[in-house]
Amino acid sequence: MNIRSWVALSTLGLTLCAPLVVAQQSGYVDATSYLSSRPEYLSWLELRSNLKGNFDDICGDTFCEGDYSNIESLRFQCSVNSATGVIGQCVWVFAASNEELNPSTGEISVQTQTWTCQSPLASGTTMTSLLTALSGTSPLYATLPGTSTSLYDGLVDCL
């Protein structure tokens with residue numbers, strides 16, 4: 001699916017979800033439901049796409065060695081307080097597999113692995129400040145608001 005298709009589907013989803021955000025006065029929602037403007041939403045989609053691309057670019061030289069050489073980024077997701085815009089938590093989920101072929105039987109055994117990497121965010125980080133700090137083509141390496149760390153640093157401790 002190309003980016004235009006995502007944008008079209010996402011815009012429809014944002015329009016359909018908007019009444020839910022208004023009706024909900026407090027509590028946490030996913031970032032997609034929190035974002036209220038088209039530019040914010042497009043920034044979120046771009047951030048997620050760029051993170052996946054950044055990870056794919058470095059995977060083979062860093063994290064994708066050993067038994068799990070095919071680690072894939074599944075999703076970067078954040079929870080946001082619907083009243084304040086403060087992020088509760090962001091996680092980045094990954095999955096991989098290792099396949100072993102038995103040459104005498106042709107049977108393939110598969111081992112799977114998943115990782116849920118919590119992002120090293122400073123307390124009180126807002127969704128707006130996160131989108132601003134991680135805008136651009138290399139969000140994996142950008143300094144997170146209120147910290148001296150990046151999402152890459154969080155992955156080193158997780159993967």
Side-chain angles (χ1 to χ4, degrees), residues 1-11 13-14 28-35 37-80 85-159:
M1 183 175 274
N2 65 36
I3 191 74
R4 286 183 205 186
S5 298
W6 277 107
V7 170
L9 289 173
S10 301
T11 303
L14 184 61
Y28 287 87
V29 296
D30 67 80
T32 304
S33 296
Y34 170 76
L35 300 170
S37 73
R38 183 176 172 86
E40 286 176 325
Y41 191 71
L42 292 176
S43 292
W44 176 243
L45 292 178
E46 181 178 44
L47 168 61
R48 291 168 83 177
S49 175
N50 287 340
L51 283 173
K52 183 170 178 41
N54 288 174
F55 182 80
D56 288 347
D57 289 345
I58 63 155
C59 184
D61 296 330
T62 55
F63 305 109
C64 298
E65 296 176 343
D67 288 342
Y68 298 105
S69 61
N70 63 348
I71 300 173
E72 289 289 326
S73 166
L74 297 181
R75 177 168 294 165
F76 180 75
Q77 183 67 293
C78 297
S79 64
V80 184
V86 173
I87 295 172
Q89 181 181 41
C90 291
V91 296
W92 197 350
V93 181
F94 297 88
S97 63
N98 182 44
E99 300 80 19
E100 298 287 333
L101 172 73
N102 182 327
S104 60
T105 65
E107 184 176 316
I108 300 172
S109 62
V110 179
Q111 300 165 337
T112 59
Q113 175 71 41
T114 60
W115 297 265
T116 302
C117 301
Q118 185 172 335
S119 301
L121 298 178
S123 179
T125 300
T126 64
M127 191 63 194
T128 301
S129 66
L130 184 72
L131 287 174
T132 300
L134 301 186
S135 65
T137 58
S138 299
L140 181 60
Y141 308 103
T143 303
L144 294 164
T147 74
S148 59
T149 61
S150 67
L151 291 174
Y152 179 85
D153 297 323
L155 294 184
V156 169
D157 294 335
C158 180
L159 295 178

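Just so you know, these numbers come straight off a predicted model, no measurement behind them. Because only heavy atoms are used, hydrogens play no part in the values below, and waters and symmetry mates are left out as well, while side chains stay in.
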Just how far is it from atom [atom1] of [X] to atom [atom2] of [Y], taken to the nearest 0.5 Å?
X: Asn50; Y: Phe76; atom1: CG; atom2: CZ; result: 12.0 Å
X: Glu65; Y: Cys59; atom1: CD; atom2: SG; result: 9.0 Å
X: Asp56; Y: Ile58; atom1: CG; atom2: CD1; result: 9.5 Å
X: Thr132; Y: Leu47; atom1: OG1; atom2: CG; result: 11.0 Å

May I ask you to test the [X]-[Y] pair for a side-chain heavy-atom distance under 4.5 Å?
X: Asp57; Y: Leu140; result: no
X: Met127; Y: Leu35; result: yes
X: Leu134; Y: Leu144; result: yes
X: Leu42; Y: Glu46; result: no
X: Cys78; Y: Leu130; result: yes
X: Asn54; Y: Ser138; result: yes
X: Tyr28; Y: Gln89; result: no
X: Ile71; Y: Gln113; result: no

Looking only at heavy atoms, which two atoms of [X] and [Y] are closest? And how far apart?
X: Thr128; Y: Glu40; value: OG1-OE2, 4.2 Å
X: Gly146; Y: Ala122; value: O-CB, 3.8 Å
X: Leu151; Y: Pro139; value: CD1-O, 4.4 Å
X: Pro145; Y: Ser129; value: CG-O, 3.6 Å
X: Tyr34; Y: Gly85; value: OH-CA, 3.3 Å
X: Leu159; Y: Trp115; value: CD2-CG, 3.5 Å

Residues forming a side chain to side chain contact (heavy atoms under 4.5 Å, CB included) with Glu99, sequence neighbours excluded:
Asn70, Ser97, Ile108, Val110

Qualifying salt bridge (Lys or Arg N to Asp or Glu O under 4.0 Å) pairs, either residue in residues 71-80, two or more places apart
Lys52-Glu72

Hey, are Glu100 and Asn102 close enough side-chain-wise for a donor-acceptor pair under 3.5 Å?
no

Residue pairs meeting disulfide (SG to SG under 2.5 Å), one or both in residues 124-159, sequence neighbours left out, come to Cys117-Cys158

Ring pair (Phe, Tyr, Trp, His ring centres under 6.0 Å) against Phe94, all qualifying residues, sequence neighbours excluded:
Phe55, Trp92

Which residue pairs pass the ring-ring contact (aromatic ring centres under 6.0 Å, His included) test with at least one member in residues 132-159, sequence neighbours excluded?
Phe63-Tyr152, Tyr141-Tyr152

Return the set of residues passing side-chain hydrogen bond (donor to acceptor under 3.5 Å, both in side chains) with Asp153 (not counting sequence neighbours), or none when no residue passes.
Ser150

